[in-house]
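Within every chain, numbering begins at 1; the chains are lettered A, B, ... in the order of the sequence lines, protein sequences first and strands thereafter.
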Number of protein chains: 2
Amino acid sequence: MEHEYVAMKGATMKEVAAHAGVALSSVSRVLNNHPDVSEAMKRQVHDAIAAVGYEPNLLASSLRRGSTKTVGFIASDISNPLFAEIVLGAERRLDEAGYSMVLTNSEGNPERDETMIRLLRRRRIDGLILSVADEDRPGTIAELSKLAEPVVLIDREVSGFHTASAVFTDHSGGMRAASEHLLSLGHRRIALISGARSLRPVRERLKGFEAAFQTRSLQVPEDLLRFGSFSAPFGQQATAELLALDDPPTAIISGGNLLLTGVLRALQAGQRSVGRDISLISCDDVPLAELHTPPISVVDRDAVQMGEAAASLLLELLAGGDRPRVAEVPTQLLLRGSTQSLVVD
Amino acid sequence: MEHEYVAMKGATMKEVAAHAGVALSSVSRVLNNHPDVSEAMKRQVHDAIAAVGYEPNLLASSLRRGSTKTVGFIASDISNPLFAEIVLGAERRLDEAGYSMVLTNSEGNPERDETMIRLLRRRRIDGLILSVADEDRPGTIAELSKLAEPVVLIDREVSGFHTASAVFTDHSGGMRAASEHLLSLGHRRIALISGARSLRPVRERLKGFEAAFQTRSLQVPEDLLRFGSFSAPFGQQATAELLALDDPPTAIISGGNLLLTGVLRALQAGQRSVGRDISLISCDDVPLAELHTPPISVVDRDAVQMGEAAASLLLELLAGGDRPRVAEVPTQLLLRGSTQSLVVD
DNA sequence: AACAGTACTGGTAACGTTTTCAGTAGACCA
DNA sequence: TGGTCTACTGAAAACGTTACCAGTACTGTT
């Protein structure tokens with residue numbers, strides 16, 4: 001008696017209506033709590049729902065409504081703990097606004113960026129947050145342009161695509177502070193190891209780096225600049241190369257936490273003691289930097305805040321804001337034991 | 001002439017059909033490359049698609065087909081680099097099989113687990129891979145049971161839910177090896193810091209730990225066991241407590257990389273030198289362990305392989321395999337400088 | 001007593017696909 | 001010439017919702 005109907009796979013609104021002896025549309029109204037429905041009807045329908053084990057079909061609902069209440073997030077590298085924090089911040093804010101997030105990672109592969117944008121577009125997401133792997137790739141730009149929904153870029157400027165909001169980090173400011181600190185310690189041979197130049201953070205950091213030298217009317221050590229990818233192997237290889245130079249650097253700036261592990265491996269292999277033999281600053285704080293011996297100075301930023309800012313910008317656009325906007329999050333130089341005054345021989 | 005129609009927002013198959021002067025069904029056949037369609041028809045339709053800028057609507061398609069070709073992945077903690085690798089492995093394999101993955105994180109919050117399972121179910125995913133935050137939570141079990149689609153658990157055993165496949169890590173074997181190593185170095189006061197006991201890895205590791213003592217007919221140091229959560233703050237707090245004991249441990253085993261950073265912070269604060277004053281082994285290899293001074297011994301495993309295994313098991317079920325299966329991945333003890341022979345006073 | 005208004009409820013047409021079922025036209029064979 | 005076969009195409013019915021448009025039955029007003 002109590003268990004008239006056993007919950008079975010795939011009960012639909014129609015069956016709920018039949019079981020409750022009401023019209024399909026009434027069930028829909030109850031579910032979307034439409035104002036014009038009687039208490040009796042509500043109870044009746046809710047009972048029927050429980051009885052048949054009904055589960056709404058979001059595909060059908062989205063199709064009909066024309067909106068999925070879902071935003072996509074394409075992370076360029078999910079293994080970077082930094083991104084986890086950005087995602088966290090974004091998801092939190094989106095959740096509050098009743099949106100859910102589908103996350104995908106492009107593994108730093110520009111081709112996957114394209115595929116993912118297309119896929120999400122076809123899934124009819126309402127908006128997109130992403131950090132493309134290559135700002136200049138025509139395919140990516142094309143896919144993005146086909147997207148009618150609002151877009152927020154994270155630390156990226158996509159050439160010829162200016163309808164998106166963006167959240168930027170003040171990389172140039174942070175890098176400038178880091179470089180000035182090293183210069184003030186007497187370092188001149190400062191190396192910069194970073195990712196591909198087609199990425200905004202890399203360009204901005206370079207700007208800050210150069211600015212620090214130029215302010216002091218010093219020559220930028222062009223032979224010590226290494227642009228490749230934000231990966232440990234590149235960091236290791238670049239560092240090894242730098243150490244092998246006739247006039248090697250006395251300080252290294254690493255452009256990210258993945259690079260950092262490569263840099264440290266190479267320094268270790270080259271028997272260089274951090275701080276003592278060579279000064280080191282990295283970007284983005286991670287446990288590895290904090291707990292290294294000696295602790296490594298970093299240019300830090302609040303990644304959770306970045307995620308929140310990205311979500312807020314997107315929500316603004318989703319709410320009908322037609323004017324794309326830009327938010328900037330500050331950086332902060334955390335000095336630790338890895339930078340030491342240059343001993344003049 | 002060439003640009004008869006400018007690509008506009010939301011062209012539908014109907015418009016493609018109209019533009020090509022063919023039936024709706026023919027367009028569909030072309031898109032799903034049905035065998036019975038002439039070359040002429042294909043060309044005609046493809047031209048029309050390009051002309052009107054048609055983009056398939058996956059919502060409609062999935063609704064009609066009754067399958068989304070999508071599997072959900074609920075990660076319990078996305079900020080753990082380990083998970084990134086699991087996701088990578090899983091996504092790779094699923095991709096090959098034509099499935100796409102939607103990723104969500106529960107932030108280690110059991111409540112979110114529930115919400116996410118429900119959401120994904122309503123989105124009509126075809127399958128689910130997950131690592132629940134709490135194996136015993138009734139709500140989670142209920143939500144999982146309502147799911148008619150195949151499920152693969154990662155390193156979890158959900159009580160009363162036995163229709164899922166699972167991929168397990170040989171945690172007990174790894175922990176046993178680690179414990180035996182420490183015992184053979186003369187350590188007896190060995191502490192174990194780990195997550196909540198409601199998680200399989202924690203229970204299995206404890207088993208391995210106890211087995212090592214029992215093999216040697218030694219008493220398990222119950223007062224040195226600390227179960228809390230897989231987080232840095234807990235690791236730090238537990239370690240601080242242990243160091244303050246009258247008879248403190250001479251060795252610590254940390255149950256994860258997040259815990260490890262907490263443990264190291266506490267050791268540093270307590271002025272204990274790793275290796276020299278206290279031996280240390282952690283679980284799962286991360287750059288922090290490798291590049292620490294001294295390098296930290298770890299019980300490692302291949303996370304990418306875990307992801308691949310999970311995806312393979314799911315695909316098997318999706319292909320109609322009705323019998324849930326279990327895969328186990330091995331662990332491996334990597335000895336480094338953080339474990340030293342106990343100096344007897 | 002007729003009317004307008006209120007508070008609901010039911011039927012039905014969408015949303016954009018896929019799939020089934022009939023058809024048509026030509027080719028081939030006898 | 002008629003017939004069966006093959007190769008293709010079109011019409012229309014789903015899939016599970018939501019939203020619109022009419023109802024219906026009260027209640028209150030004049």
Atom pair distance, as rounded to whole Å: NZ in Lys69(B) and P in dT17(C): 19 Å
Between C1' of dG16(C) and CZ of Arg121(A), the distance in whole Å: 17 Å
Ser28(A) side-chain N/O to dT18(D) phosphate OP1/OP2 under 4.0 Å: yes
Listed nucleotide nearest any side-chain atom of Ala60(A), set dT17(D), dA11(D), dT17(C): dT17(D)
Touch class at under 4.0 angstrom, heavy-atom based, for Leu24(B) against every strand present: base
Phosphate-side-chain proximity, Ser26(B) and dG10(D), N/O vs OP1/OP2 below 4.0 Å: yes
Residue closer to the 5' end of DNA chain D, Arg65(B) versus Gly21(B) (nearest nucleotide): Gly21(B)
Sugar-phosphate only, base, or nothing, as touched by Glu39(B) at under 4.0 Å among non-hydrogen atoms: nothing
Sugar-phosphate only, base, or nothing, as touched by Asp36(A) at under 4.0 Å among non-hydrogen atoms: base
Spacing between Lys42(A) atom NZ and dC8(C) atom P, to the nearest angstrom: 9 Å
Spacing of Leu58(B) atom CG relative to dC15(C) atom P, expressed in whole Å: 19 Å
Separation of atom CG in Leu63(A) from atom C1' in dT17(C), rounded to whole Å: 8 Å
OP1 or OP2 of dT17(D) under 4.0 Å from side-chain N/O of Thr12(A): yes
Distance-only donor-acceptor check, side chains Ser131(B) and Asp155(B), under 3.5 Å: no
Any Asn32(B) side-chain N or O less than 4.0 Å from OP1/OP2 of dT18(C): yes
Thr115(B) side chain to Glu111(B) backbone, donor-acceptor under 3.5 Å: yes
Any donor-acceptor N or O pair under 3.5 Å, side chains Arg93(A), Ser312(A): yes
d(CZ, Arg29(A); P, dA7(C)) in whole Å: 15 Å
Polar contact flag, side-chain donor to acceptor under 3.5 angstrom, Ser61(B)-Arg122(A): no
Pair of N/O donor and acceptor under 3.5 Å linking dG16(C) base with Arg124(A) side chain: no
Arg64(B) side chain near dA14(D) phosphate (N/O to OP1/OP2, under 4.0 Å): no
Residue-phosphate contact under 4.0 Å: Ser38(B) side-chain N/O, dT9(D) OP1/OP2: yes
Heavy-atom donor-acceptor pair, His46(B) side chain to Lys42(B) backbone, under 3.5 Å: yes
Shortest side-chain distance from Tyr54(A), nucleotide among dT17(D), dT18(C), dG16(C): dT17(D)
Atom-to-atom span, NZ of Lys14(B) to P of dA12(D) - whole angstrom: 13 Å
